[in-house]
Amino acid sequence: MMTYQPKSEFLRTMIARGFMQDCTDLEALDEALLEGIVPGYIGFDCTADSLHVGHLTQIMMLRWLQKTGHKPITLMGGGTTKIGDPSGKDEARQLLTTEQINANMAGIRDVFEKFLTFGDGAQDAVQPDNAEWLDQLNYVAFLRDYGRHFTINRMLSFDSVKLRLDREQPLTFLEFNYMLLQAYDFMELNKRYGCALQLGGSDQWGNIVNGIDLTRRINRNQVFGLTTPLLTKADGTKMGKSASGAIWLNADRLSPYAFWQFWRNTLDADVGKFLKLFTELPLDECERLAALQGADINEAKIQLANAVTTLAHGANAAAAAEQTSREVFEKGGIGDDLPTITLPAGQTSIVQLFVKAGLSASGKEAKRLIAEGGAKIDDVVVSDPGQMIDLADTLKLSAGKKRHVLVRAG
RNA sequence: GGGGGGGUGGCAGAGCGGUCAAAUGCAACGGACUGUAACUCCGUCGGGGAAACCCUACACAGGUUCGAAUCCUGUCCCCCCCA
């Protein structure tokens, strides 16, 4: 039960928009936020060269932090990625090379540039890499200075550890150390940047609390933690995955059109929640849109798609995606934003066309699609799998009602 | 170190000499319905081929059989119990 009503804009926003799950000390954090600039951080693994929709809650929190007058720190886990966080994972992850990690870090930076303002100012975002301090740790010195502050009894009580032990899945000592290093990160960020807040998903609670304790003991500073609820869709499935994989925030990995479509296809019941979390539309507008009934709620989904795509890819990309979507879905036409492939002009079998366009994983699958009546070329149902087609101009291939690809003769 | 159980399709999980490209569930894909929904229903769901049909698959390598996911031998990996 939340009895305390925060006064700071940041916390009020977090609560009102549904970001808040738990806070270590709401009242004291609120005071700190009212007093001055609070640097707050979230750590990100460097396991891929982009971030995806699953990270978007965290990204938006940092954006709000900056918008409400504070300093976001996007900590790159260049050091900890070499270890792997056991939280919520069933198995140890495979280790990445330093080169891969560095490349990934650059890609992630590109994503953050869209959401945050980086620089040297007091409220500008910074992006340190924990390899800066973790790589040079001396094992014995670390154990002596910091290891003494962690008891095995306590560490064993964390859900992330318990889960693995209960399932009798191996938890290596390497992974077991992850939480020490994350705690060390918080302490180090407190030293370097005066960082006083760690944000994260609710699965990070244990790690965050460890960092708070360590910072208090070593630095003698009070710092805070705030977690977000685990995000699930109304149908119970995990947020951020689609048929074709993760919904990346990077245009190289997922086109703005596909990104827009992802949001356009939000479940009715999720529209309000997503508007609040992933857009900056005023709350009353979010509520008005979410309350639309029947087919009218499609308008809300378009607004959602436009707003989120604008944040991630810019207003032009969002407008183009919307335009193409209207052409394709409302008029049955084509749009520039549709995924496009170029193939040599001439005779091609339809089956091969669908495979090359990425609409079918194999020829077998393409034939199946045709047999089921789901394959269309320029909106005409294909009936003969053996048919050859003369590729001379541009064709629109459709697999079902939603997946369309343009094929150009080149 | 000793004893026992197991590794099957994206996942879960049957099969235990032929009728098995392998039950069932989930996921996925297509269709109907609709709002580019949800729910429900129907269909499909290893690869190649227009098709007949062929190929590759049940941890890996051999072997026994007319015939093996199913039996034998060896290798690797996982789990349980005892010490």
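Protein chains get the first letters and strands the later ones, always in sequence-line order, with residue 1 at the start of each.
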request  = May I ask you to check whether over 12 heavy atoms, not counting those of Asp378(A), lie within 6.0 Å of atom CG?
outcome  =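 Buried by this count: over 12 neighbours within 6.0 Å.
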
Any strand is fair game: report the nucleotide pairing with [N] by Watson-Crick or G-U wobble, both distances under 3.5 Å, or none.
N: A51(B); result: none
N: A59(B); result: U75(B)
N: A28(B); result: U44(B)
N: A68(B); result: none
N: C39(B); result: none

SB check [X] [Y] (cutoff 4.0 Å):
X: Glu322(A); Y: Arg264(A); result: no
X: Arg192(A); Y: Glu132(A); result: yes
X: Asp213(A); Y: Arg216(A); result: yes

How close or far is atom [atom2] of [N] from atom [atom1] of [X], stated in whole angstroms?
X: Asn265(A); N: C29(B); atom1: CG; atom2: C1'; result: 15 Å
X: Ile350(A); N: A50(B); atom1: CD1; atom2: P; result: 12 Å
X: Lys331(A); N: U36(B); atom1: NZ; atom2: C1'; result: 15 Å
X: Glu365(A); N: G49(B); atom1: CD; atom2: P; result: 14 Å
X: Ile370(A); N: G49(B); atom1: CD1; atom2: C1'; result: 13 Å
X: Arg264(A); N: G35(B); atom1: CZ; atom2: C1'; result: 8 Å
X: Leu304(A); N: A37(B); atom1: CG; atom2: C1'; result: 14 Å
X: Lys401(A); N: U34(B); atom1: NZ; atom2: C1'; result: 8 Å

query = Does Glu372(A) get its side chain close enough to the base of G43(B), under 3.5 Å, for a donor-acceptor pair?
reply =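 Donor-acceptor pair under 3.5 Å: yes.
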
inquiry  = Taking donor-acceptor contacts at under 3.5 Å, does the side chain of Asp296(A) reach the base of G35(B)?
reply    =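 No.
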
Could you work out the separation of [N] and [M] based on their [atom1] atoms and round it to a whole Å?
N: C71(B); M: G2(B); atom1: C1'; value: 27 Å
N: A21(B); M: U56(B); atom1: C1'; value: 10 Å
N: G17(B); M: C72(B); atom1: C1'; value: 13 Å
N: G10(B); M: G46(B); atom1: P; value: 10 Å
N: A57(B); M: G15(B); atom1: C1'; value: 16 Å
N: A22(B); M: G13(B); atom1: C1'; value: 13 Å
N: U44(B); M: C55(B); atom1: P; value: 25 Å
N: A83(B); M: C78(B); atom1: P; value: 23 Å

Checking all strands, does [X] fall into the base, sugar-phosphate, or nothing category for heavy-atom contacts under 4.0 angstrom?
X: Gln261(A); value: base
X: Ser325(A); value: base
X: Trp260(A); value: base

ask   = Any donor-acceptor pair under 3.5 Å linking the side chain of Asn130(A) with the backbone of Asp185(A)?
value =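 Side chain of Asn130(A) to backbone of Asp185(A): no pair is present.
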
inquiry  = So does Asn306(A) get a backbone contact from the side chain of Thr309(A), meaning a donor-acceptor N/O pair under 3.5 Å?
reply    =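 Not confirmed, Thr309(A) side chain does not pair with Asn306(A) backbone.
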
State whether [X] places a side-chain N or O below 4.0 Å from either non-bridging phosphate oxygen (OP1 or OP2) of [N].
X: Ser362(A); N: G48(B); answer: yes
X: Arg368(A); N: G49(B); answer: no
X: Lys364(A); N: G46(B); answer: no
X: Arg403(A); N: G30(B); answer: yes
X: Lys402(A); N: A37(B); answer: yes

Ala399(A) or Gly294(A), whichever maps to the more 5' nucleotide of RNA chain B =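 Closest to the 5' end, via its nearest nucleotide, is Ala399(A).
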
key: Toward the 5' end of RNA chain B, by each residue's nearest nucleotide, Lys301(A) or Leu267(A)   =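 That would be Lys301(A).
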
task = Identify the two heavy atoms, one from Pro72(A) and one from Leu116(A), that lie closest to each other, and give their separation to 0.1 Å.
result =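 For Pro72(A) versus Leu116(A), the nearest heavy atoms are CG-CD2, 4.1 Å.
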
